[in-house]
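Taking it in order: structure first as structure tokens, then the write-up.
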Amino acid sequence: MLKIQPEPYKIKTVEPLSRLPLDERKAALLRAGHNTFLLRSREVYIDLLTDSGTNAMSQEQWSALMRGDEAYAGAESFYRFVEAVQEVYGFPHVVPTHQGRGAENILSKSLIRPGDVVPGNMYFTTTRLHQELAGGSFADVIIPEAHDPSSELPFKGNVDLAKLAAVVKKFGASKIPYVAVGAPVNMAGGQPVSMENIRLVSAFCREKGIRVVLDAARAVENAYFIQEREKGYAGKSVKAILLEMCSHFDACAMSAKKDAYANIGGFLAMRDQGLYEQAQNLCVVYEGLHTYGGLAGRDLEALAQGIRESVEKDDWIAHRVSQVRYLWKALDETGIPLMRPCGGHAVFVDAKEFLPHLSQENLPAQALAAAIYEDSGTRSMERGIVSAGRDAATGEDHKPALELVRLALPRRVYTQSHLDYVAEGLGETWRRRARIPGLQFSYEPKYLRFFQARFKPVASKCPSAAFS
Ligand code: F0G
């Protein structure tokens, strides 16, 4: 049997790429305040900032755009979108939103009352903020291994049931509007959650009368990991596994800019008629009418097609994960410290190990993301103390155990030689690691600071450090 697993597509339209020379990349980094979010895309060569909304659509998605029904109310495109969500995710009611955080806003405002606590398997930036803005707080109930980059557990995103039970006991079920399960867990390196764990969490919550809500942004990847790793699932399709996963949840919040190969979109889907009515009503306040949710009819068409495509055959998702693994392996062979095991959407570099001369206050992951850009024009994202933000009650920095740089792969966009280039570029950064300076904030916005903060280099204790 042949070992190479080539892309299950060929290229029809091309977008030219060019790489700025080193001095211009250095100037761009300074202008951007060492924040990769503030670079212009023309300054970036290989863009691994995110896999969100950066996907290449298929010819069927592009064709579907022409069918877009742009009626303000009751567009046919809306009904086609709802049918696709019902078929693939299995929830009867669907409220469209402009993207995932639109769904998070509506969900949080519908269910959370001041003083409530929302347990979840590790925070996600926008999700936690919406919980806090609604008056709630987040309680982390992920298994402890998820905070350890070297642990090789196959389902490192699992909920720790004892921790969950302790949170419910401490606050009481009436203070817990729902349990939020991300599958896989973005901030933990894309680690999946097992079907067994989902089943147990769901049974526990049902017994306590607490809702369970899935963050479904990359649930197709999670279903693929279950097929690959969990006993009894090897013979099942990703489509069937995804439906089974969803059957254990009361609702899901979805950023459809990921698995669904779209460039924009999201939804909130649920079984409960009461929550549906509430969510539809808040949709008109924050997103637009409940039959378009901030999206054009043509976006809804691209989503309907993309949602079906994401599970129509297992090759798509198998190839996606194999691309991420290819990059992971190349970096691992160079000796670069990585979050283990490899996740489904991105490779996460362990910045604490990469830059041991920097303390967490020197923002090692932010410094490393800036250095990676400088060396090769590759754009990545900080996922450490900057992303973790401040405690809403005390104003102190959250200090996460994980200090990671994420290299996320857009779907169907880059080829193997792009990934070889990225690996070679990180090899350069690895060789000069002892001279990479730390950073400090020069501007810090109030919400989701990682998006818009600016930084400047700090004088390092490391004598060989060179500052630009
Ligand atoms: N949940 C998860 C797990 C996510 O990864 C994201 C976005 C959201 C919710 C919010 O969705 O961006 O459509 O509003 N993640 C992007 C990323 C931004 O780069 O990981 P959104």
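As the structure lists them, so they are numbered: ligands from 1, and atoms in each ligand from 1. Heavy-atom basis, side chains included; hydrogens, waters and symmetry copies ignored.
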Checklist entry - Would you call Asp250 and Arg206 a side-chain contact if the rule is heavy atoms closer than 4.5 Å? => result yes

Top protein contact for [atom], by heavy-atom distance:
atom: atom 8 (C) of ligand 1; answer: Phe124 CE2, 3.4 Å
atom: atom 11 (O) of ligand 1; answer: Ser255 CB, 3.3 Å
atom: atom 16 (C) of ligand 1; answer: Lys258 NZ, 3.4 Å
atom: atom 9 (C) of ligand 1; answer: Glu104 OE2, 3.1 Å
atom: atom 21 (P) of ligand 1; answer: Gln99 NE2, 3.3 Å

So, for [X] and [Y], is the gap between ring centers shorter than 6.0 Å?
X: Tyr421; Y: Tyr45; value: yes
X: Phe78; Y: Tyr292; value: no
X: His34; Y: Phe455; value: no

Item to check | Thr125, Asp215, Thr126: member with heavy atom nearest to atom 10 (C) of ligand 1 | outcome: Thr126

Checklist outcome for this item: On a heavy-atom basis, the closest approach of Cys342 and Phe225 is O-CZ, 4.2 Å

Would you say [X] has any N or O atom under 3.5 Å from an N or O of ligand 1, going by distance alone?
X: Ala217; answer: no
X: Asp51; answer: no
X: Lys257; answer: no

Item to check | Met381: numbered ligand 1 atoms lying under 4.0 Å from its heavy atoms | outcome: 19 (O)

Item to check | Enumerated ligand 1 atoms positioned under 4.0 Å from heavy atoms of Thr50 | outcome: 17 (C), 19 (O)

Item to check | Spacing of CD belonging to Glu403 relative to CG belonging to Asn362, to within rounding of 0.5 Å | outcome: 10.5 Å

Item to check | Rounded distance (nearest 0.5 Å) linking atom CG of Asp69 with atom CZ of Arg80 | outcome: 7.0 Å

Checklist entry - Under 4.0 Å from ligand 1, counting heavy atoms only, is it the side chain of Arg101, its backbone, both or neither? => result both

Checklist entry - At a non-hydrogen distance cut-off of under 4.0 Å, which region of Arg406 contacts ligand 1 (side chain, backbone, both, or neither)? => result side chain

Next on the checklist: Between ligand 1 and Arg218, can you find any atom pair, the residue atom being a heavy atom, that is separated by under 4.0 Å?
Outcome noted: yes

Checklist entry - Between Arg379 and Asp47, is there a side-chain N and carboxylate O pair less than 4.0 Å apart? => result yes

Checklist entry - Phe81 vs Phe267 aromatic rings, parallel, tilted or perpendicular, using cut-offs 30° and 60°? => result perpendicular

